[in-house]
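Predicted model only: the values in this text are computed from it and were never measured. As the structure lists them, so they are numbered: ligands from 1, and atoms in each ligand from 1.
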Amino acid sequence: MIERLCIIGIGLIGGSVALAARAQGLCREIVAADREEEALRQAEKRGIIDRGYRDIGKAAEEADAVVIATPVGRMAAVFEALKPVWSPRAFYTDVGSTKASVVQAVESVFGRVPENFVPAHPISGRELSGVAAALPDLFAGKKVILTPLPHTDVHVLERVRAFWQGLGAEVHDMSVAHHDHVLAATSHLPHVIAYCLTHLLGRKDEKDEIFQYAAGGFRDFSRIAGSCPVMWADICLANRDEILKLLRQFEGELQRFDELLSRGDRQAIHDYFAEARAARQRFLDRHS
Ligand SMILES: NC(=O)c1ccc[n+]([C@@H]2O[C@H](COP(=O)([O-])OP(=O)(O)OC[C@H]3O[C@@H](n4cnc5c(N)ncnc54)[C@H](O)[C@@H]3O)[C@@H](O)[C@H]2O)c1
Ligand SMILES: O=C(O)C(=O)C[C@]1(C(=O)O)C=C[C@@H](O)C=C1
């Protein structure tokens, strides 16, 4: 049992961790640090946390489990604030959507990744942000990827694994580089494409009419373009090289389809769509 769980950044993900930890009885007390007073007050009012602090050091001292849930671009500053109160008895983990940048941030502050920090990424979220959108079952049955380093303390790794499992997640381990390679394709590229398409339509003169007649297709496709720009600017910059490689491949794919359509090749267009549909179905059969 965790005595004091500390969440740094009590937004959608930090709030959901707190709600799930409380619901599953994983800890006696939950405190949080956030730079937004309003987020802390809201979290206290809803009973998501017991106490909130503006000061990260004050919130984290005495905690035996610390979860960092700020946007990835803020993590170096968070590690800086944690350094004076870093405890060898506690475990530390994060929820950042990119992992190499988080490892670099911790290295820039400590010189090396402390043995009791286990980078993590819950593959579960929403296009909404802030503590008001937090859900107690956000991680239930969802995957969490841990990217331990070769010198990560094995006992801490098992405590962090048990913590995420306790929140209801299925935990997988991966290397930092592999994580960023895979997530660039499955999460980062789709978000970039959704933002780009929404931009394209939004810029058109007849935009009112375009949005007026947009039904399920556009709504489904653009849902993730409703995601937080701060978080996504951080993710894109943090995983820039992997995303740029995929953007080049995606441009090639658009070019391929452009050629089929320009030729008016019905059979080739049909086969192109049929292959994509079958690939999606295989993915759903295997993973849902
Ligand atoms: N939203 C998702 O679907 C999702 C899913 C998995 C992982 N993540 C990752 O989780 C993290 C948080 O995302 P979110 O969606 O919960 O964002 P959010 O905006 O809902 O919450 C972030 C919170 O961090 C606080 N914060 C920002 N900078 C801070 C600082 N320097 N010190 C203290 N508090 C600070 C903000 O005030 C906010 O309350 C990000 O790293 C994101 O990449 C998000
Ligand atoms: O469902 C959504 O809204 C999400 O975008 C969740 C999503 C994803 O791309 O799958 C977004 C970012 C995270 O790092 C993990 C999950």
- Message: Would you say E242 and H181 are linked by a side-chain donor-acceptor pair, where the criterion is simply a distance under 3.5 Å?
- Response: yes
- Shortest protein heavy-atom distance from atom 24 (O) of ligand 1, along with the residue and atom involved: G9 CA, 3.4 Å
- Task: List the closest protein heavy-atom neighbour of atom 13 (C) of ligand 2: residue, atom name, distance to the nearest 0.1 Å.
- Result: H121 NE2, 3.5 Å
- Query: Would you say T93's side chain and V118's backbone share a donor-acceptor pair under 3.5 angstrom?
  - Reply: yes
- Message: Can you report which non-hydrogen protein atom sits closest to atom 25 (C) of ligand 1, along with the distance?
- Response: D34 OD2, 3.3 Å
- How close does the nearest protein non-hydrogen atom get to atom 34 (N) of ligand 1, and which residue and atom is it? R35 N, 3.4 Å
- Could you tell me if any non-hydrogen atom of A133 lies under 4.0 Å from any atom of ligand 1? no
- Look at the side-chain heavy atoms of Ile, Leu, Val, Met, Phe, Trp and Tyr, link any pair under 4.5 Å apart, and say whether L254 and F218 land in one connected group. yes
- Query: Counting each atom of ligand 1 from 1 as listed, which ones have a heavy atom of V72 under 4.0 Å away?
  - Reply: 41 (O)
- Just by modelled atom types, is the I10 backbone N or O under 3.5 Å from a matching donor or acceptor in the D34 side chain? yes
- Query: Considering only protein heavy atoms, which is closest to atom 7 (C) of ligand 2, and at what distance to one decimal place?
  - Reply: S187 OG, 4.2 Å
- Message: Distance under 4.0 Å to a non-hydrogen atom of S97: what atoms of ligand 2 satisfy this?
- Response: 13 (C), 14 (O)
- Item | Sub-3.5 Å N/O-N/O distance, I8 and ligand 1 | no
- Would you please determine whether G130 falls within less than 4.0 Å of ligand 1 on a heavy-atom basis? yes
- Task: Could you check if a side-chain atom of R4 sits within less than 4.5 angstrom of a side-chain atom of C27, using non-hydrogen atoms only?
- Result: no
- Task: Flag A33 as yes when one of its N or O atoms lies below 3.5 Å from any N or O atom of ligand 1, and as no otherwise.
- Result: no
- For ligand 1, is A69 a contact, meaning one of its heavy atoms is under 4.0 Å away? yes
- Which residue holds the protein heavy atom closest to atom 7 (C) of ligand 1, what is that atom called, and what is the gap in Å? V95 O, 3.2 Å
- Any donor-acceptor pair under 3.5 Å linking the side chain of D180 with the backbone of N239? no
- Tell me, which protein residue and heavy-atom name are nearest atom 16 (O) of ligand 1, and how many Å apart are they? I13 N, 2.8 Å
- Proximity of S124 to ligand 1 by residue part, where a heavy atom lies under 4.0 Å: backbone
- Message: Evaluate R74 for polar contact with ligand 1, using N/O atom pairs at a separation under 3.5 Å.
- Response: no
- Nearest-neighbour protein heavy atom for atom 16 (C) of ligand 2, which is reported as residue plus atom name and distance: S124 N, 3.8 Å
- Which of E62, E3, R51 passes side chain to side chain contact (heavy atoms under 4.5 Å, CB included) with E29? It is R51
- Query: Under 3.5 Å, side chain of D153 to main-chain N/O of V156, donor-acceptor pair present?
  - Reply: yes
- Message: For Y92, run the ring-ring contact (aromatic ring centres under 6.0 Å, His included) check against F163, F79, W86 and tell me which one passes.
- Response: W86
- Message: Quick check: F117 with F110 (ring centres under 6.0 Å apart)?
- Response: no
- Query: Would you say Y195's side chain and S227's backbone share a donor-acceptor pair under 3.5 angstrom?
  - Reply: yes
- Query: Just by modelled atom types, is the T147 backbone N or O under 3.5 Å from a matching donor or acceptor in the K99 side chain?
  - Reply: no
- Query: Quick one: which of R282, H287, Q281 gives a side chain to side chain donor-acceptor pair (under 3.5 Å) with D285?
  - Reply: Q281
- Counting N and O atoms only, with roles assigned by atom type, does the side chain of N116 sit under 3.5 Å from a partner on the main chain of F91, one being a donor and the other an acceptor? no
- Message: Using a 4.0 Å heavy-atom cut-off, which part of M231 comes near ligand 1: side chain, backbone, both, or neither?
- Response: side chain
- Item | Option of least heavy-atom distance to atom 5 (O) of ligand 2 (set: E127, R126, H191) | H191
- Query: Relative to the heavy atoms of W232, which atoms of ligand 2 are at a distance of less than 4.0 Å?
  - Reply: 11 (C), 12 (C)
- Among protein heavy atoms, which sits nearest to atom 32 (N) of ligand 1, and what does the distance come to when rounded to 0.1 Å? I56 CD1, 4.0 Å
- Message: Could you identify the single nearest non-hydrogen protein atom to atom 19 (O) of ligand 1 and state the distance to 0.1 Å?
- Response: S129 CB, 3.9 Å
- Message: Using only atom types and a distance under 3.5 Å, with no angle test, would you say the side chain of R263 pairs donor to acceptor with the backbone of A268?
- Response: no
- Tell me which protein heavy atom sits closest to atom 1 (O) of ligand 2, plus the residue, atom name and distance to 0.1 Å. R223 NH2, 3.2 Å
- Task: Report the relative orientation of the aromatic rings in Y272 and F257; use parallel for angles under 30°, tilted for 30 to 60°, perpendicular for over 60°.
- Result: tilted
- Query: Is ligand 1 under 4.0 Å from a heavy atom in the side chain of S97, in the backbone, in both, or in neither?
  - Reply: both
- Query: Against heavy atoms of G96, which atoms of ligand 1 measure under 4.0 Å?
  - Reply: 41 (O)
- May I ask you to identify the nearest protein heavy atom to atom 40 (C) of ligand 1, giving residue, atom name and distance to one decimal place in Å? T70 O, 3.3 Å
- Query: Which of the atoms in ligand 1, numbered in the order shown and given with their element, are less than 4.0 Å from a heavy-atom of P122?
  - Reply: 6 (C)
